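Worksheet for the structure shown next.
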Protein chains: 2
Amino acid sequence: MAKAKRTLKWQRDPEGMRLRILEAAKQEFSAHGLAGARVDRIAAKAGANKRMLYYHVGNKDELYLAVLEGAYDKIRSEERGLDLEHLDPPEAIRRLIEFTWNYFLRNPEFLSLLQTENLARAKHLKKSTKVKSMHSPFVEMIRTVVRRGVDSGDFQVAVDPVQLYISIAALSFFYLSNSATLSVIFGRDLLDKKAKDERLAHMVGLVLAALTGQSVALFDVAKAPKSRSAVVQTA
Amino acid sequence: MAKAKRTLKWQRDPEGMRLRILEAAKQEFSAHGLAGARVDRIAAKAGANKRMLYYHVGNKDELYLAVLEGAYDKIRSEERGLDLEHLDPPEAIRRLIEFTWNYFLRNPEFLSLLQTENLARAKHLKKSTKVKSMHSPFVEMIRTVVRRGVDSGDFQVAVDPVQLYISIAALSFFYLSNSATLSVIFGRDLLDKKAKDERLAHMVGLVLAALTGQSVALFDVAKAPKSRSAVVQTA
DNA sequence: ACAGTATTTATCCAACGGGTTAATTTTCTC
DNA sequence: GAGAAAATTAACCCGTTGGATAAATACTGT
C-alpha cells in the first residue's frame, strides 16, 4: 500500500501551481482581508505546501500585491473590450452602467480587494508601478461620449468625465459592497433577483435623467407610493 | 524618588475609563480593521492595562460590536437633528446630500468601520438587536419630500426613497472610502480642498438634475472640455 | 544513465496575540 | 478605621502564524 503511490507521487507543474496559488490567495484575501488572511489556508486551498507560496510568489505582502495587480489587470482588460464610441450617447451610458454593475456582480472579490486596499490607504498600490500604468479606457470613452451627446443635443449639460466615472462606479459599488449591512438595516435582502433588477433600473434612470433632463421609464416609477403618481414621461 | 509617586499612583474612574477604551478601540478598529486591530494597542492608547478592556467591555469581538453600535447611534442621532420637512423639495435634497457628505468627511472612522463590517458580511451587526432597532429617519423624510416635490411639480418623477437614499449615500461614500486607490489611479489628490468642492457640486447637480429634469449650474459645467460647451441652463 | 537543477515535502521556531490568573490598590460603608 | 467591594496592575499561558531550513524527489539535457 505504501507502494501504491510510487509512480503517482507528484508531478511538476510550476505554471499551474503559480496560478492555483494566486487564485487561492485571491479567495483568501477577499474573504478575510490582508490581516485576516492565513498563509496556511492559501497553501491548503491551492493544494500545495506553504513553502510553495514563497518559492513561486513571495511573502504575504508580495502575494497580496500580486493578487491586487491581477485584479486590476483583469478589469482593465474587460473594459477595453467594451466600445461605446459608436453607440448613440444615451445608449453608451446605459451600456457603461450595465457593464460596471455586471462586472461587480460577477467579480465580488474585486470589490473586497478594493475595500481592503482602501482600508490600508492604498499603501501597497502606491508601490505598484504596474497598476499605475494601467489607465482605464473609460475616462476617455466617457469624455468623447459626453461631448458627442452635448453636441447632438441628447445631453443637456457637459459633465467632468472623471466625476461621472466615479459616480457610476459609486452607485454600483456601494450598493454591492455594503449590501450586507444595508440588508440588515433595511430588513430586506438587497441581493435577491428582484432587488437587483430594481437597482439597475434605478441607476440607469438616475444618470440618464440627469444627463438628458428627461425622465426615463426605468427610473423607478412603479414603486412610487401613495401619491397620485405624477409621472412625467419622456416626450 | 520611588516615594514621589506614592500618593499619585492612580485614581479610579470607571466611566471615564470605559469611554477612553471605546474611543481608542474605535481608532484602532477603523485604522486596522477587525483582524488587524491589536488589543494591546487599544489598551495602550486608552492609557490602560489590557485587562481593563475585558473588565469594562468584553473580549475583542464584543469591543468591536460596542464600537460599531456607538457609530450607528451617533449618526442616527445627528440624522434626527436634520429636518427637511419644511424646506422646498429641491433644497431639502441638497441639504440631505450636503449633510451626508459632511458627516462622512467629519467621521472617517464611520466609513472604515462600515467597510470592515461589510467585509465580515455584517456578521456582527446581525447579532445586534440594538442597531436593528435604530431606523434611519431619512427614508421617511425622503419619501415625503419626494411626494411633495412631485405634487408641486418641482420633481418630474417619483423615486423609491430607499433607492434614492442608497444612491445619495453611495455618491459620497464611495468617493471618500475609495479615495486612496482612486487617487493613485487618477494620479491626483481627490481629498484636497478644490477636489472636494467639485465633488459636492457634482453630486448635488447630478441628483437634482435627475429629479427636476433641469440642469443645475453646479453640475460641473466649468470643467467641460474642448467642445463649445453647450450649456443648457435652468430656465 | 547520470549529473545538475527545478520543484516539492517535511519539520522547526521564535514572535506574537488574545485571553486569564492572581495580587494590589483605591473607594465605599458602617 | 476596619473590612468589603470595586477598579486596576503585573505577570503569565498557550495556541497561532509567518517565515526559515534542510532534505527529498522529479525532471532536463547530455
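Side chains included, hydrogens not; waters and symmetry mates left out as well; all remaining heavy atoms used. It should be emphasised that the depicted structure is a prediction, and the values quoted were computed from it without experimental measurement. Quick note on labels: first sequence line is chain A, next is B, and so on, each numbered from 1.
Judged by atom type and distance alone, B:Arg51 reaches the base of C:dT21 through a side-chain donor-acceptor pair under 3.5 Å. One cannot find a donor-acceptor pair under 3.5 Å joining the base of D:dG19 and the side-chain atoms of A:Lys60.
With hydrogens and angles ignored, the 3.5 Å screen pairs no side-chain donor or acceptor of A:Glu140 with any backbone N or O of A:Pro137. At least one donor-acceptor pair closer than 3.5 Å links the side chain of B:Arg18 to the backbone N or O of B:His56.
Computed from coordinates, the A:Leu53 CG to D:dT17 P distance equals 14 Å when rounded to whole Å. In this entry the distance linking OH of B:Tyr64 with P of C:dG19 reads 15 Å, nearest Å. Put simply, NE2 on A:His32 is 16 Å from P on D:dT16, counting in whole angstrom units. In this structure, B:Asp40 atom CG and D:dA11 atom P are separated by 15 Å, rounded to whole Å. Note: CD (B:Glu15) to P (D:dA7) measures 8 Å, nearest angstrom. Rounded to whole Å, the distance from OH on A:Tyr55 to C1' on D:dA20 is 16 Å. The nearest whole Å value for the distance from the OH atom in B:Tyr54 to the C1' atom in D:dC13 is 13 Å. Going from atom CG of A:Asp61 over to atom P of D:dG19 covers 7 Å, rounded to whole Å.
When each of B:Arg20 and B:Lys50 is assigned the nucleotide of DNA chain D bearing its nearest heavy atom, the one mapping closer to the 5' terminus is B:Arg20.
In this structure, A:Arg38 reaches the D:dT17 phosphate: one of its side-chain N or O atoms is under 4.0 Å from OP1 or OP2. Applying the 4.0 Å criterion to OP1 and OP2 of C:dA6, one finds that A:His56 has every side-chain N and O outside that range.
At the heavy-atom level, A:Ala35 lies nowhere under 4.0 Å from the strands shown. In this structure, B:Ala43 reaches neither bases nor backbone, as no heavy-atom distance under 4.0 Å exists between it and the strands shown.
Between the side chains of A:Glu69 and A:Ser128, at least one donor N or O sits under 3.5 Å from an acceptor N or O.
Between B:Lys196 and B:Asp192 there is no salt bridge, since no side-chain nitrogen of the basic residue lies less than 4.0 Å from a carboxylate oxygen of the acidic one.
In summary, of the residues considered (A:Phe110, A:Phe104, A:Tyr103), a ring-ring contact (aromatic ring centres under 6.0 Å, His included) with A:Phe173 occurs for A:Phe104 alone.
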